[in-house]
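What follows is a single structure, written as structure tokens, with notes after it.
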Amino acid sequence: MKKLMFPVFCSLFLGVMMGYYLFHEYDSTVKIKPVFQETSEKVYFFQLGVYSDLESVQNSTRSFTNYIYALEDSQYHVYVALTKSSKNVEKIKGYFEKKGYDIYVKEMVLSDEEYLEKLEQYDQVLEQTSEEEAIENVIAKIVTAYKEMVIDRGKNETDSQTGTS
């Protein structure tokens, strides 16, 4: 019996030591990075209105040179500005209200990294200005960039995937 105690004790001791070593070999503070990392950020869209047909959209947006519309739930939602910055929300909303428009701010999530970087640059410029003409120009550039970088590129990618142009 004494002859078996020493090998059993050694085996248990070695097993515990190896388990302790292996358990502490893994660093629990290391963050695992996903292979496909998609950046999504909250963006504030400034909605001018909701319309039932495209003709109503065109009639109501005659005074706007830059706007975006999206078909959501069988209705056309018209957006006239975007921002990532919560600081700029009141500035942009105030700009449109001063012009006589009722604007609804809608939060959405965008994942186009290139556009989000561009929007951040425009937001920085917008934060530093209070002149109406400058605000108008920046808003126009934001909407134009959205059309080119998100909407048009999305159409091109869809066309290339389906084989149409």
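What you are looking at is a predicted structure, and each value in this text was computed from that prediction instead of being measured.
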Does a sphere of radius 6.0 Å around [atom1] in [X] hold more than 12 heavy atoms from other residues, nucleotides or ligands, not counting ones at 6.0 Å or beyond?
X    : atom1 : result
Y69  : OH    : no
E55  : CD    : no
N59  : CG    : yes
K118 : NZ    : no
K106 : NZ    : yes

Which pair of heavy atoms, one from [X] and one from [Y], lies closest together, and at what distance?
X    : Y    : value
N66  : A140 : ND2-CB, 3.2 Å
A134 : T129 : CB-OG1, 3.4 Å
V43  : L110 : CG2-CD1, 3.8 Å

field: Residue of the set Y104, F46, Y44 for which side-chain contact (heavy atoms from CB on, under 4.5 Å) holds with K93
entry: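 Among Y104, F46, Y44, the one that satisfies the side-chain contact (heavy atoms from CB on, under 4.5 Å) with K93 is F46.
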TODO: Verify side chain to side chain contact (heavy atoms under 4.5 Å, CB included) between Y101 and S63, making sure each step is shown before the conclusion.
DONE: CA-CA 11 Å; Y101 298 105; S63 61; 2.7 Å; yes
(Q) Hydrophobic cluster membership, with links at side-chain heavy-atom distances under 4.5 Å among I/L/V/M/F/W/Y: are L71 and I151 in one? (A)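 Yes, one cluster joins them.
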Review point. Are V80 and V50 co-members of a hydrophobic cluster defined by side-chain heavy atoms under 4.5 Å apart?
Key: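 V50 does not cluster with V80.
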Are side-chain N/O atoms of Q75 and S52 paired as donor and acceptor at under 3.5 Å?
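Side chains of Q75 and S52: no pair found under 3.5 Å.
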Q) Are S56 and Y76 close enough that a side-chain donor and a side-chain acceptor fall under 3.5 Å? A)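 No, no side-chain donor-acceptor pair sits under 3.5 Å.
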How many angstroms lie between atom [atom1] of [X] and atom [atom2] of [Y], to the nearest 0.5 angstrom?
X    : Y    : atom1 : atom2 : value
L119 : S85  : CG    : OG    : 9.0 Å
S86  : K42  : OG    : NZ    : 7.5 Å
Y67  : R62  : OH    : CZ    : 10.0 Å
D112 : E41  : CG    : CD    : 11.0 Å
S40  : M108 : OG    : CE    : 14.0 Å

State, yes or no, whether a side-chain contact exists between [X] and [Y] at a heavy-atom distance under 4.5 Å.
X    : Y    : result
Y115 : Y146 : yes
I92  : L126 : yes
E136 : Y95  : yes

**Prompt:** Within the distance-only criterion (no hydrogens, no angle test), does the side chain of S60 pair as donor or acceptor with the backbone N or O of V57 below 3.5 angstrom?
**Reply:**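 Looks like yes, one N/O pair under 3.5 Å.
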Treating N88 as the side-chain partner and T83 as the backbone partner, does any N or O pair qualify as donor plus acceptor under 3.5 Å?
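Checked: no pair found.
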Quiz item: Any idea how F45 and Y79 line up, ring-wise: parallel (<30°), tilted (30 to 60°), or perpendicular (>60°)?
Solution: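 Because their plane-to-plane angle is over 60°, the rings of F45 and Y79 count as perpendicular.
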Test side chain to side chain contact (heavy atoms under 4.5 Å, CB included) on I68 and L82; report intermediate values, then the result.
CA-CA 10 Å; I68 306 161; L82 298 94; 3.8 Å; yes
**Study point:** K91 and E132 ion-paired at < 4.0 Å
**Key:**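 Looking at E132 together with K91, the answer is no, because their closest N to O distance does not fall below 4.0 Å.
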Legend entry - Worked verdict on F96 versus L48 for side chain to side chain contact (heavy atoms under 4.5 Å, CB included): CA-CA 9 Å; F96 283 111; L48 178 65; over 6 Å; no
* Verify side chain to side chain contact (heavy atoms under 4.5 Å, CB included) between L116 and K84, making sure each step is shown before the conclusion. => CA-CA 8 Å; L116 289 171; K84 276 180 24 176; 3.8 Å; yes
